[in-house]
Amino acid sequence: MSALFEYLVRLGDDSLILGHRLSEWCGHGPILEEDIAMTNIALDHVGQTTSLLKYAGEVEGKGRTEDDLAFLRFEREYRNVLLVEQANEDFGVTMMRQFLFDAYRKPLYEQLTKSSDVQLAAIAEKSLKETKYHLKHSAEWVIRLGDGTDESHERVQTALNNLWRYTDELFYTDQNDVELLANGVIFSSEELKKSWMEMVKTVLDRATLTIPNNGWQREGGRKGLHSEHLGYILAELQYMQRAYPGMEW
Amino acid sequence: MLEANINELERRFQEKIDNDQKIEPNDWMPDNYRQTLIRQISQHAHSEIVGMLPEGNWITRAPNLRRKAVLLAKVQDEAGHGLYLYSATETLGADREETIDDLHSGKAKYSSIFNYPTLSWADMGVIGWLVDGAAIMNQVPLCRCSYGPYARAMVRVCKEESFHQRQGYEIMMTLAKGTPEQKAMAQDALNRFWWPSLMMFGPNDAESTHTAQSMAWKIKRSTNDELRQQMVDITVPQAELIGLTIPDPDLKWNEEKQGYDYGEIDWDEFWSVVKGNGPCNKERVDARRKAKENGEWVREAANAYAAKQKMKKAS
């Protein structure tokens, strides 16, 4: 299997699963403006999923479409990070999850706009515009909730404590990346982590929130080893394609 | 104010309306006109917001990425419609939060169609085709409504609704020419939504309490039965074109009136749903109330943060 295919699926699945989680909010947001914002961000992620998985299918060259990849793989074949599959819980958890992810996605896309792979660079260029706005939105909410009331502070601090363990995986690299790094398709994840940490520290500081001391980290998503959440997500996501196989919609 | 003065104001107000001039937020208007508009526009706003729920129900299960994106975009449009309709009520002096509380207490109504459950993917098709279709039928005349902000909001809303209607019909068309299971799914959705869609135009003209005054004020520009007839006449050939059957044995072409005769609507069902006894009334209002309650701490935090920022700026 080509390294580029694997890489595109990792990115595509992050968007697919995060978009799914955000869609669950539809009609249930804390204010109408947030219903609009969250459906809009979900929509951007569905769009990014489409670009990334479509290209993955082309790279693979076996005739699989973006829908085949999004809807017809088994659980162990999904490559998203564990962070994006974590449950919405409340608005604070959702915004913290979003912020930790956006703060990684933005510098990642910035890097990838310089990719030697022209198609990937073009996808990154287009997605970067959306991601900048996502990060602005989630960072502002983290600050507002962190520096809002005692209750909101406690809620987002707890969210941060619980989600922190999934952040190292954002910078996961393995054998798959070696060739891509050598060819200038992707870039150093250490650089990426530096930008991420800078952004996270700045925003958490303004939000009066504290990074938890516990250094314990979980990973597995990039290798297809997920949390118990993913099975339920896929049961919903794949329902139509599994119940009515091979039909046009 | 002297009664003579009020009579004169009312005379000038009606004259403006009769001359098809728009009434704007700062213009004098009779209190009943204001209240009727607040009631109508807020009902419309609530319908957009409650309407997000039955469709939101299928976003996570949409059959492919394209359909998922279109459905998300559509539901987002509806939230947007809700937002500027609430803003239109605010130009009349209503308070958005109070208006929303009226929805939650059951005092304010919303379109009864959203009290029916969405049970299959085909419901996303039929809702776009019939429910948004009926909404357009209701709303196109409102682009000429006498109240300026509402009329202008309707121009934009109608453009988006027409995209919703087309994507709904396109879903139905795809299903109707698909496998037998898909066609059955489409027919079942049409069977369940046909009559409730016709009910969307409200009671028969003879039973409609608000129509006469609203027509005189040009808040309403066609009667319920006129609009319903238009809906039937437009929809029947669309169903025929894709090979679906309208679930009405009494439906037949009437050469003389150049329109379709259709069967009697079950008005008992209509009133029962209006009074709160539809299949999902409780679920819909509960979901909205819960969203507000669960969001309380978020709104408090946003206000507290804004206040702190203001203090910082001042000091």
Side-chain angles (χ1 to χ4, degrees), chain A residues 16 19-40 42-47 49-50 53-54 65-67 70-71 90-92 95 140-141 143-153 155-156 233 236-241 243-244 246-249, chain B residues 45 49-80 82-83 86 96 100 120-121 171 174-175 177-179 181-182 185 284 287-288 290-292 294-306 308-309:
Chain A
L16 177 67
H20 183 97
R21 280 297 191 212
L22 287 170
S23 305
E24 293 173 351
W25 269 102
C26 181
H28 307 284
I31 43 170
L32 192 46
E33 285 80 351
E34 281 310 301
D35 263 323
I36 298 176
M38 284 193 285
T39 43
N40 197 7
L43 181 57
D44 287 343
H45 277 292
V46 175
T49 305
T50 306
L53 294 185
K54 185 169 189 283
T65 65
E66 62 273 29
D67 285 325
F71 294 90
D90 65 17
F91 186 73
M95 280 304 115
E140 280 174 3
W141 270 112
I143 293 168
R144 232 176 257 138
L145 297 176
D147 192 20
T149 61
D150 290 346
E151 183 187 359
S152 71
H153 177 86
R155 280 180 187 252
V156 277
I233 292 176
E236 256 185 85
L237 179 75
Q238 300 187 339
Y239 163 63
M240 291 295 290
Q241 290 287 345
Y244 303 92
M247 299 181 196
E248 296 289 320
W249 301 96
Chain B
I49 300 308
V50 176
M52 292 171 71
L53 297 169
E55 292 188 284
N57 187 34
W58 276 89
I59 293 174
T60 54
R61 288 179 292 169
N64 60 37
L65 292 169
R66 183 173 77 92
R67 293 295 184 197
K68 195 187 283 288
V70 172
L71 187 56
L72 267 167
K74 177 178 193 287
V75 176
Q76 193 195 350
D77 283 349
E78 274 145 19
L83 197 59
Y86 283 127
R96 177 165 139 193
I100 291 173
S120 80
W121 170 251
I171 290 176
T174 308
L175 294 175
K177 68 176 186 213
T179 63
E181 291 101 313
Q182 286 175 304
M185 191 191 283
R284 301 295 185 237
R288 291 309 310 164
K290 221 173 108 192
K292 184 164 185 186
N294 291 344
E296 189 77 54
W297 72 271
V298 177
R299 295 187 301 274
E300 279 171 12
N303 290 337
Y305 178 76
K308 282 185 199 174
Q309 290 308 103

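Nothing here was measured: the structure is a model prediction, and the numbers come from that model. By convention in this document, chain letters (A, B, ...) are assigned in the order of the sequence lines, proteins followed by strands, and residues within each chain are numbered from 1.
- The aromatic rings of Tyr239(A) and Trp58(B) sit tilted relative to each other, their planes meeting at an angle between 30° and 60°.
- Formation of a donor-acceptor pair under 3.5 Å by the Asp67(A) side chain with backbone atoms of Leu65(B) is found in this model.
- For chain A, the nearby part of Ala62(B) is the backbone; its heavy atoms alone come within less than 4.5 Å.
- The greatest number of non-hydrogen atom pairs below 4.5 Å with chain A, out of Trp297(B), Tyr86(B), Trp121(B), is found for Trp297(B).
- Using a 4.5 Å cut-off between heavy atoms, Ala42(A) touches chain B through backbone and side chain atoms alike.
- The choice from Pro63(B), Gly82(B), Ala291(B), Ser120(B) that makes the most heavy-atom pairs within less than 4.5 Å of chain A is Pro63(B).
- Counting heavy-atom pairs closer than 4.5 Å to chain B, the top-ranked of the candidates Thr50(A), Ile36(A), Thr39(A) is Ile36(A).
- Proximity to chain B (any heavy atom under 4.5 Å) is shown, for Trp25(A), by neither the backbone nor the side chain.
- Judged by distance alone, the side chain of His45(A) and the main-chain N or O of Leu16(A) form no donor-acceptor pair under 3.5 Å.
- Counting heavy-atom pairs closer than 4.5 Å to chain B, the top-ranked of the candidates Asp35(A), Leu237(A), Leu145(A), Asn40(A) is Asn40(A).
- With chain A as partner, the option from Lys177(B), Arg288(B), Glu78(B), Glu55(B) having the largest number of non-hydrogen pairs under 4.5 angstrom is Arg288(B).
- Residue Phe91(A) touches chain B through both its backbone and its side chain, counting heavy-atom pairs closer than 4.5 Å.
- Of all heavy-atom pairs between Ala69(B) and Val46(A), the closest is CB-CG1, 4.0 Å.
- Chain A forms more heavy-atom pairs under 4.5 Å with one residue of Glu300(B), Met52(B), Gln182(B), Glu181(B) than with any other, namely Gln182(B).
- Put simply, the side chain of Arg61(B) never gets that close to the backbone of Met240(A): no donor and acceptor are under 3.5 Å apart.
- Listed options Arg155(A), Gln241(A), His20(A) were ranked by heavy-atom pairs under 4.5 angstrom with chain B; first place goes to Arg155(A).
- Interface summary for chain B: among Gln238(A), Glu236(A), His28(A), the most heavy-atom pairs under 4.5 angstrom belong to Glu236(A).
- In this structure, the side chains of Tyr305(B) and Thr149(A) stay at 4.5 Å or more apart for every pair of heavy atoms.
- Only the side chain of Ile49(B) comes within contact range of chain A, judged by heavy atoms closer than 4.5 Å.
- Judged as a side-chain hydrogen bond (donor to acceptor under 3.5 Å, both in side chains), and not counting sequence neighbours, the contacts of Lys308(B) are Asp147(A).
- In this structure, no portion of Ile233(A) lies under 4.5 Å from any heavy atom of chain B.
- Scanning for side-chain hydrogen bond (donor to acceptor under 3.5 Å, both in side chains) contacts around Thr174(B) gives Arg67(B), with sequence neighbours left out.
- When the candidates Lys290(B), Met185(B), Lys292(B) are compared by the number of heavy-atom contacts under 4.5 Å with chain A, Met185(B) comes out ahead.
- At a 4.5 Å heavy-atom cutoff, the contact between Asn64(B) and chain A is made by backbone and side-chain atoms alike.
- Interface check for chain A: of the options Ala79(B), Gly56(B), Gly295(B), Ala304(B), the most heavy-atom pairs under 4.5 Å are formed by Ala79(B).
- Using a 4.5 Å cut-off on side-chain heavy atoms (C-beta onward), Leu32(A) and Arg96(B) make contact.
- Within the 4.5 angstrom heavy-atom criterion, atoms from both the backbone and the side chain of Leu83(B) approach chain A.
- Glu66(A) and Lys68(B) are not joined by a salt bridge, as no carboxylate oxygen comes within less than 4.0 angstrom of a charged side-chain nitrogen.
- Interatomic distance, CG of Leu72(B) versus CE of Met38(A), reported as 12.0 Å (0.5 Å rounding).
- Looking at Thr179(B), only its side chain comes within 4.5 Å of chain A, counting heavy atoms on both sides.
- Between chain B and the options Asp44(A), Ile31(A), Ile143(A), heavy-atom pairs under 4.5 Å are most frequent for Ile143(A).
- Heavy atoms only, all atoms of each residue included: Leu53(B) and Gly27(A) are closest at CD2-O, 3.8 Å.
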